[in-house]
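The residues of the chain are indexed from 1 along the displayed sequence.
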Amino acid sequence: MPLFQEIGVIGLGMIGGSVALDVRKAGVAKRIIAASRRRSTLEKAKRAGLIDQAVCNSKSIFEKADFVVLATPPSVVSHYLEIMAKTNPSLLVTDVSSVKGKIVQAANKILGRKHSFVGSHPIAGSEQSGLEAAQPNLFQGKTVVVTPARKNQEESVRKVVAFWSCLGARVKLLGPNEHDYLLAATSHLPHLIVYALLDTAMKVKSPLFQSCAGTGF
């Protein structure tokens with residue numbers, strides 16, 4: 001029996017597209033409805049059978065679905081929470097952002113008391129992006145951190161954990177701030193160092209630069 005009747009996915013990049021693929025494969029929901037910034041992406045997902053229905057207005061997803069995955073950049077999660085607050089504030093929703101503290105705080109402020117937004121961060125993916133990079137079994141054996149808020153009901157957290165488990169993930173429960181502290185050390189800081197290194201290296205003007213860069217570089 002499916003965990004949900006209808007799952008909504010907002011954002012069909014690599015993560016959102018892979019969520020749709022695995023939801024379909026695992027039979028987690030009877031129907032998948034999706035919204036994306038580009039109509040061409042929605043049409044491509046529909047032709048590929050990833051989704052059952054494509055909509056341009058995310059409001060209709062909050063009205064129809066019984067669970068929504070916000071597979072969007074962190075900077076726009078609050079925007080969708082505000083739409084949800086006006087449409088269906090008690091709806092079960094998760095996200096996939098790599099930063100959790102500010103997003104959970106925003107959910108508490110926007111959605112109010114005992115809301116059902118439960119933050120998630122699947123530690124999966126690659127340097128590729130877009131629907132073309134979506135792949136089946138992306139979350140199989142990967143860690144997904146679920147970051148409950150104090151206002152969450154246990155049933156909401158249980159369902160989000162069950163969702164990721166159905167996609168083959170290993171779920172870890174962490175507080176939003178603890179998650180951000182750990183990810184800053186294991187992901188964000190290393191990225192920052194690499195970007196700074198490359199920025200400095202690109203400023204070196206010498207025909208010998210490439211020949212002097214070893215495999216360690």
Side-chain angles (χ1 to χ4, degrees), residues 2-81 83-84 91-100 103 117-147 159-171 183 187 191:
L3 190 61
F4 301 101
Q5 293 298 307
E6 187 162 24
I7 283 181
V9 180
I10 298 179
L12 285 174
M14 182 190 65
I15 297 295
S18 298
V19 165
L21 271 170
D22 283 352
V23 165
R24 178 78 76 206
K25 180 183 175 184
V28 179
K30 288 185 176 180
R31 297 185 77 248
I32 304 170
I33 180 173
S36 180
R37 288 181 301 168
R38 296 183 179 88
R39 192 173 190 86
S40 59
T41 300
L42 290 170
E43 292 171 351
K44 191 179 299 182
K46 191 77 163 56
R47 287 196 302 269
L50 269 68
I51 61 176
D52 298 294
Q53 183 180 354
V55 297
C56 294
N57 186 351
S58 59
K59 180 181 176 182
S60 60
I61 288 186
F62 293 120
E63 291 172 340
K64 295 179 180 180
D66 52 335
F67 176 55
V68 172
V69 179
L70 296 175
T72 67
S75 59
V76 297
V77 169
S78 293
H79 166 71
Y80 289 106
L81 292 178
I83 295 173
M84 174 184 159
L91 180 66
L92 181 64
V93 176
T94 193
D95 73 324
V96 299
S97 302
S98 62
V99 177
K100 298 263 73 82
I103 289 177
F117 172 84
V118 182
S120 300
H121 176 205
I123 305 177
S126 70
E127 74 285 355
Q128 298 178 322
S129 61
L131 182 62
E132 293 78 11
Q135 54 185 285
N137 305 316
L138 179 67
F139 311 103
Q140 187 71 43
K142 300 296 196 315
T143 297
V144 172
V145 181
V146 172
T147 58
K159 285 185 176 179
V160 171
V161 169
F163 168 73
W164 291 113
S165 297
C166 286
L167 302 192
R170 297 176 300 174
V171 180
L183 265 293
S187 178
H191 275 87

Peer 1: Which pairs pass ring-ring contact (aromatic ring centres under 6.0 Å, His included) with one or both residues in residues 26-46, sequence neighbours excluded?
Peer 2: none
Peer 1: Any chance you could measure Gln135, atom CD, to Leu21, atom CG, to the nearest 0.5 Å?
Peer 2: 9.0 Å
Peer 1: If you compare all heavy atoms of Thr94 against all heavy atoms of Phe117, which two are closest, and at what distance to 0.1 Å?
Peer 2: C-CE1, 4.1 Å
Peer 1: Measuring from Ser98:OG to Ile103:CD1, what's the distance to the nearest 0.5 Å?
Peer 2: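 Those atoms lie 8.0 Å apart.
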Peer 1: Nearest heavy-atom pair of Pro136 and Asp22: which atoms, and what distance?
Peer 2: CA-OD1, 3.5 Å
Peer 1: How far apart are the closest heavy atoms of Ile15 and Ala124, and which atoms are they?
Peer 2: CD1-O, 3.8 Å
Peer 1: Atom CD1 in Ile123, atom NZ in Lys142: separation rounded to 0.5 Å?
Peer 2: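 One finds 11.0 Å between CD1 of Ile123 and NZ of Lys142.
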Peer 1: Could you go step by step and tell me if Val160 and Leu92 meet the side-chain contact (heavy atoms from CB on, under 4.5 Å) rule?
Peer 2: CA-CA 8 Å; Val160 171; Leu92 181 64; 3.9 Å; yes
Peer 1: Are His121 and Thr147 side-chain neighbours, meaning at least one heavy-atom pair lies under 4.5 Å?
Peer 2: no
Peer 1: Do the side chains of Phe163 and Val144 get nearer than 4.5 Å, heavy atoms only?
Peer 2: no
Peer 1: I'd like to check Leu167 versus Lys25 (side-chain heavy atoms, cut-off strictly below 4.5 Å). Are they in contact?
Peer 2: no
Peer 1: Is a side-chain N or O of Asp95 found less than 3.5 angstrom from the main chain of Gly119, in a donor-acceptor match?
Peer 2: no
Peer 1: Sequence neighbours excluded, which residues qualify as side-chain contact (heavy atoms from CB on, under 4.5 Å) partners of Ala29?
Peer 2: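 Testing Ala29 for side-chain contact (heavy atoms from CB on, under 4.5 Å), a comparison that skips the adjacent residues, returns Phe4, Ile7, Val23.
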Peer 1: Of the non-hydrogen atoms in Leu12 and Ala45, which two are nearest, and what is the gap between them?
Peer 2: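 Minimum heavy-atom contact is CD1-CB, 3.8 Å.
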Peer 1: Suppose we screen for salt bridge (Lys or Arg N to Asp or Glu O under 4.0 Å). Which residues come up paired with Arg39, at least two apart in sequence or across chains?
Peer 2: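 Glu43.
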Peer 1: For residues 61-78, tabulate all N or O donor-acceptor pairs below 3.5 Å that involve a side-chain atom, not counting sequence neighbours.
Peer 2:
{"unit_1": "Asp66", "atom_1": "OD1", "unit_2": "Glu6", "atom_2": "N", "d": "2.8"}
{"unit_1": "Asp66", "atom_1": "OD2", "unit_2": "Gln5", "atom_2": "N", "d": "3.1"}

Peer 1: From His79 NE2 over to Met84 CE, what is the distance, rounded to the nearest 0.5 angstrom?
Peer 2: 14.0 Å
Peer 1: Donor-acceptor pair, Ser120 side chain versus Val96 backbone, under 3.5 Å?
Peer 2: no
Peer 1: Just verifying a value: how many Å separate Ile33 CD1 and Ser60 OG, rounded to the nearest 0.5 Å?
Peer 2: 5.0 Å
Peer 1: Closest heavy-atom contact between Leu3 and Cys166?
Peer 2: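 What the structure gives for the nearest pair is CD2-SG, 4.5 Å.
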Peer 1: Identify the two heavy atoms, one from Val9 and one from Gly16, that lie closest to each other, and give their separation to 0.1 Å.
Peer 2: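 What the structure gives for the nearest pair is CG1-O, 3.8 Å.
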Peer 1: Measure from the side-chain N and O atoms of Lys46 to the backbone N and O of Ile51, and report whether any donor-acceptor pair falls under 3.5 Å.
Peer 2: no
Peer 1: Among residues at least two apart in sequence or on other chains, which ones pass side-chain contact (heavy atoms from CB on, under 4.5 Å) with Ser129?
Peer 2: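 Ser129 satisfies side-chain contact (heavy atoms from CB on, under 4.5 Å) with no residue once adjacent residues are dropped.
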Peer 1: Any salt bridge (charged side-chain N to carboxylate O under 4.0 Å, His left out) pairs touching residues 130-140, not counting sequence neighbours?
Peer 2: Lys44-Glu132
